[in-house]
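Chain identifiers are assigned alphabetically (A, B, ...) following the order of the sequence lines, protein sequences preceding nucleic acid strands; residue numbering begins at 1 within each chain.
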Amino acid sequence: MHEPQLTMVSLSFKTIPLKKTNELAAFTLVVNKNFRLSSTKKVPEHDYIMTALSKPATMTLPYDWNGEMGGNNEKVESCLGEKHLLNIFLKELRQIDPDIILGHDLLDFGLEYILQRMKVHSVNGWSRLGRIKRKDMPRMAAQIGLARAGHDACNGRLVADTKTSAMELVKMRDYNLTSLCEEQIPEQLSGLKPHFLYACKNRKEYLPEHIVEAFGSSNTLRMLLQENINDCFRNMLISSNIQSLPLAVQITNICGNILSRTLSRGRAERNAYLLLHAFHKKDHLPPPPYKKKTVEDGDKKGPKFAGGMVLEPKKGLYTNYILLLDFNSLYPSIIQEYNICFTTTAMQAPPDLPKTMEEGILPFEIKKLVNRRKEVKKLIKNEKNADELARLNIRQLGLKLTANSMYGCLGFTASRFCAQPLAALVTAKGREILEATKVFVEKMNLEVVYGDTDSIMINSNSTNISEVMKLGNLVKKEVNKHYRLLEIDIDGAYKSMLLLKKKKYAAIDQNGKEEFKGLDIVRRDWSEIARNEGRTILKLLLHEQDEEEGVRKIHEHLEMIGTEAGKQRI
DNA sequence: AGCTGGAGCGC
DNA sequence: TCTACACAAGGCGCTCCAGCT
């Protein structure tokens with residue numbers, strides 16, 4: 001089917017303090033009338049920009065304000081006050097009639113806020129936010145403790161929220177717009193001017209008092225509005241960099257759910273749709289929807305069943321190669337290997353393996369996802385066209401994410417298909433497999449130094465990488481003999497490793513790449529200096545093959561830090 | 001000294 | 001046809017720290 005051309009607006013706005021709340025002071029809409037949801041293009045396109053500014057209740061506009069941005073003919077629509085501004089906003093929205101609204105933190109804040117301001121001024125046309133004419137506003141957070149009314153009001157349009165999408169797709173410390181710009185806007189992009197990209201990457205944060213100050217002169221006001229315009233482009237750049245829209249389309253195609261919900265809600269609902277379709281197709285009655293039996297049942301803190309196994313680490317500094325093996329997609333594989341399903345397995349504790357030979361619906365669906373991904377990967381190998389390659393890559397990612405989220409949803413009490421006995425059975429088999437692998441590897445006269453859930457680390461007692469890989473291949477071959485489709489693979493080899501505790505280690509791999517896991521230096525609750533110095537010291541230790549020499553260098557470095565700190569230079 | 005609860009990681 | 005209700009939401013394992021008895 002031909003993909004439709006859609007209209008997208010990127011929305012950004014600024015507010016200014018007013019009594020106990022904030023008043024809407026300005027907004028920008030960047031409009032693109034040729035947007036394609038599946039496009040993997042990295043350079044955003046737009047047709048025009050529209051900016052409007054109001055004279056806030058507590059402010060005056062600069063005496064020489066002429067409503068112009070200067071330079072490139074960008075006009076600013078100047079309004080008499082907030083209500084006027086809101087009406088202009090609705091008028092524009094009506095004219096543009098966007099299919100997609102893009103912005104940062106729109107779902108949990110932005111849209112709700114705008115709706116709230118419309119309510120304050122009793123703005124009549126509020127339902128123009130969406131595509132259904134409505135009389136009564138949906139109830140808002142202040143009334144019922146929820147912040148989804150703004151989204152609800154945008155019915156008929158997709159809301160693409162860079163914060164929500166980034167939280168799902170990329171691991172970061174903070175998801176505020178400034179951090180997203182730093183980390184998710186590329187250094188360079190052919191087709192975009194470097195200085196513009198640089199400006200987008202380095203966002204200027206406006207605190208409420210800075211916004212007030214910006215109204216002091218035409219120049220500073222123009223700078224404020226320019227930043228607001230840039231925020232629109234920033235969101236476009238971030239969105240295309242994390243590819244949240246094409247990925248959402250893929251996931252929605254895979255699961256058969258609703259696109260707007262892929263963009264706004266959690267993963268359990270997508271899984272539920274996939275399974276409901278699967279049950280229906282097989283003409284099989286799905287299990288009754290899971291309902292929490294008691295309040296404690298769902299809300300009680302703490303684990304409801306046992307999870308993965310963590311092997312006791314043999315602590316220490318290793319300067320031989322440590323071989324790293326792990327099972328490919330352990331939990332999805334276990335579901336297939338043992339035919340674990342609602343239709344095959346008794347819901348009981350302790351759980352027991354199914355006796356039936358008939359393939360369950362859950363393993364069948366996972367198998368389909370895995371096989372489809374294999375097909376896509378095959379295509380990727382032979383594809384030369386960059387656009388098509390990007391599209392295929394998104395597709396395989398969607399398939400992988402969907403397969404991997406199945407187990408999580410089995411254990412999730414709010415899921416339609418919550419089945420904790422099944423989740424418990426999956427993890428029980430996982431523990432059994434890891435333990436058996438450890439015992440088996442030790443029987444090969446090899447030393448297992450650590451392992452977590454699906455991985456195992458073996459001391460190779462060798463400093464020769466090709467020898468180590470040979471050993472790895474041997475272990476892999478032997479372990480894989482035990483299973484029908486479960487598969488262990490070589491993940492790499494650590495040239496040196498400092499193993500401190502469960503889930504805490506530092507290492508350098510065969511290619512010189514550093515890995516720091518769980519240590520204080522990767523935790524944000526430690527000061528920057530402690531993290532940096534810890535890192536420096538670990539590098540000294542790991543890169544220095546001679547332990548004594550490493551320790552000497554560390555002492556030297558710490559002396560230096562102590563002296564510098566004493567002089568208050570740090 | 002020992003507990004509990006949470007934050008923030010790893011998988 | 002109208003009103004009230006509630007809409008959020010992958011899992012567990014392992015330190016480590018603060019706060020308490």
Check whether more than 12 heavy atoms from other residues, nucleotides or ligands sit under 6.0 Å from atom NE2 of A:H280, and answer yes or no. no

Rounded to the nearest Å, what distance is computed from the CG atom of residue A:L311 to the P atom of nucleotide C:dC14? 10 Å

Check side chain to side chain donor-acceptor pair (under 3.5 Å) between A:K133 and all other residues, then give those that pass, not counting sequence neighbours. none

Quickly work out the A:W526 CH2 to C:dC16 C1' distance and round it to whole Å. 9 Å

Which whole-number value in Å describes the distance from A:K501 NZ to C:dC16 C1'? 9 Å

Quick one: is A:K517 getting a side-chain N or O under 4.0 Å of the B:dC11 phosphate, OP1 or OP2? yes

Distance check needed: C:dC12 P versus A:L410 CG, whole Å only. 12 Å

Starting from C1' on B:dC11, measure out to CE on A:M309 and report it in whole angstrom. 14 Å

Atom pair distance, as rounded to whole Å: CZ in A:R173 and C1' in B:dG8: 10 Å

Counting only side-chain heavy atoms from C-beta out, which of C:dT15, C:dG10, B:dC11 sits nearest to A:T453? B:dC11

As a test of reading the structure: which of C:dA9, C:dG10, C:dC12 is closest to the side chain of A:K304, going by heavy atoms? C:dC12

Are any of A:K171's side-chain N or O atoms less than 4.0 Å away from OP1 or OP2 of B:dG10? yes

Against the side chain of A:K503, the closest entry in C:dG10, B:dC9, C:dG13 is C:dG13

Of the nucleotides B:dG10, B:dA7, C:dC12, which one has an atom closest to the side chain of A:D452? B:dG10

Assess A:K314 against A:Y450: is NZ or CZ under 6.0 Å from the centre of the six-membered ring, and within 45 degrees of the ring's axis? no

Distance in angstrom units between A:I258 CD1 and C:dC7 P, rounded: 18 Å

Out of C:dC16, C:dC12, B:dG10, which has the shortest distance to the side chain of A:K504? C:dC16

Rounded to whole Å, CG of A:L519 lies from P of B:dG10 at a distance of 9 Å

A:F305 CZ to A:L422 CG distance, which is reported to the nearest 0.5 Å: 10.0 Å

Ring-plane angle category for A:Y505 and A:Y494, please: parallel below 30°, perpendicular beyond 60°, tilted otherwise. tilted

Can you figure out which of C:dA9, C:dG11, C:dT15 approaches the side chain of A:K502 most closely? C:dT15

For the residue pair A:Y113 and A:F13, categorise the inter-ring angle as parallel (less than 30°), tilted (30 to 60°) or perpendicular (more than 60°). parallel

Out of B:dA7, B:dC11, C:dC12, whichever nucleotide has its closest atom nearest the side chain of A:Y407: C:dC12

Between A:G308 and A:G408, which residue's closest nucleotide on DNA chain C lies nearer the 5′ terminus? A:G408

Quote, to the nearest angstrom, the P distance that separates C:dA9 from B:dC11. 26 Å

From the set C:dC14, C:dA9, B:dC11, return the single nucleotide nearest to any side-chain atom of A:V310. C:dC14

A:K282 NZ/CZ over A:F364 ring centroid, <6.0 Å and within 45° of normal: yes

Where along residues 176-184 of chain A does a heavy atom fall under 4.0 Å from DNA chain B? none

Among A:I456, A:I458, A:I433, find the one that has a side chain to side chain contact (heavy atoms under 4.5 Å, CB included) with A:K438. A:I456

